[in-house]
Amino acid sequence: DIQMTQSPSTLSASVGDRVTITCRASQSLNTWLAWYQQKPGKAPKLLVFEASTLETGVPSRFSGSGSGTEFTLTISSLQPDDFATYYCQQYKSYRTFGQGTKVEIK
Amino acid sequence: VQLVESGGGLVQPGGSLRLSCAASGFMFWDYDMTWVRQAPGRGLEWVSTITNGNTGGTAFFADSVKGRFSVSRDNSENTLDLQMDSLRVEDTAIYYCAKDRKGAHYTSDWGQGTPVTVSS
């Protein structure tokens, strides 16, 4: 089974900050990785697929990068609407989610 | 795209429950469909995926539910079902029905979720 490890678990930041979330896989995924955003009481929302392709309608301040076993999700300038929990998910072999990163207000 | 789950509720350990998902707004037959769950205060966990009608509706399951859960789809009624047997306390979660991106293995659209509580 492929294990996914996200860091940090919690991130405190201010509006306007540049934020980076890291996701590491236990084996190479090539670029078979997606990122989701989830707000309390809501279903997740797809942000990025194939490691770096932004989903239609997602603001350009979001970007994904990486390949193999290490991936990052970056928010270039944090906005009030971005305070949420973010999950990576591998889909090279079945599906596995990371444990999530909560982005909270500093 | 609209995905509406139903069937959640309270069940005793060892019991069974059947969740349904009514899909609309897309060619249901053409898409793989997935169930994902989220235990209270916890992260997301993939549960099951069933492939589209073109590929025979093959089902895959997480190890945590294999042998206890089954999944089926009715492509004429645009519905997806998750049959959950031998339920355990640790199966307590919100269960989301989700549609995969066509030809890909990640989910692009999600329902609002239905809560399942396993407790005596």
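Proteins get letters first, then strands, A, B, ... in listed order; numbering begins at 1 in each.
For B:Tyr96, the part lying near chain A is the side chain, with the backbone staying farther off; criterion is any non-hydrogen pair under 4.5 Å. The contact between A:Gln38 and chain B is made entirely by side chain atoms (from C-beta outward), counting heavy-atom distances below 4.5 Å. Looking at A:Lys42, only its backbone comes within 4.5 Å of chain B, counting heavy atoms on both sides. For chain A, the nearby part of B:Thr49 is the side chain; its heavy atoms alone come within less than 4.5 Å.
Of all heavy-atom pairs between B:Tyr106 and A:Gln89, the closest is CB-OE1, 4.1 Å. Closest of all the heavy-atom pairs between B:Leu44 and A:Pro44 is CD1-CG, 3.7 Å. In plain terms, the two heavy atoms of A:Asp1 and B:Asp63 that are nearest each other are OD2-OD2, 3.2 Å. Scanning both residues, A:Ala43 and B:Gly111, for their nearest heavy atoms gives CB-O, 3.2 Å.
In this structure, CZ in B:Arg42 is found 10.5 Å from CD in A:Gln99, a value given to the nearest 0.5 Å. Distance check, rounded to the nearest 0.5 Å: CD of B:Gln38 to OH of A:Tyr87 gives 4.5 Å.
Hydrophobic clustering places A:Leu29 together with A:Val48 (ILVMFWY residues linked when any side-chain heavy atoms are closer than 4.5 Å, directly or through intermediates). Under the 4.5 Å side-chain heavy-atom criterion for ILVMFWY residues, a single connected hydrophobic cluster contains both A:Tyr94 and A:Leu46. The hydrophobic cluster containing A:Leu33 does not contain A:Phe97, counting ILVMFWY residues as joined when their side-chain heavy atoms lie under 4.5 angstrom apart, directly or transitively. If you chain together hydrophobic residues whose side chains sit under 4.5 Å apart, B:Phe69 and B:Val11 fall into the same group. Side-chain heavy atoms closer than 4.5 Å link hydrophobic residues (I, L, V, M, F, W, Y) into clusters, and following such links, possibly through other members, connects A:Trp32 to B:Phe60.
A:Arg95 is listed as a side-chain neighbour of B:Thr107, based on a closest heavy-atom distance under 4.5 Å.
For B:Lys66, the NZ atom counts as densely surrounded, since its 6.0 Å shell holds more than 12 non-hydrogen atoms of other residues, nucleotides or ligands.
Between A:Glu50 and B:Arg101 there is no salt bridge, since no side-chain N of the basic residue sits under 4.0 Å from a carboxylate O of the acidic one.
Judged by distance alone, with hydrogens and angles left aside, the side-chain atoms of A:Tyr91 form no donor-acceptor pair with the main-chain N or O of B:Ala104 at under 3.5 Å.
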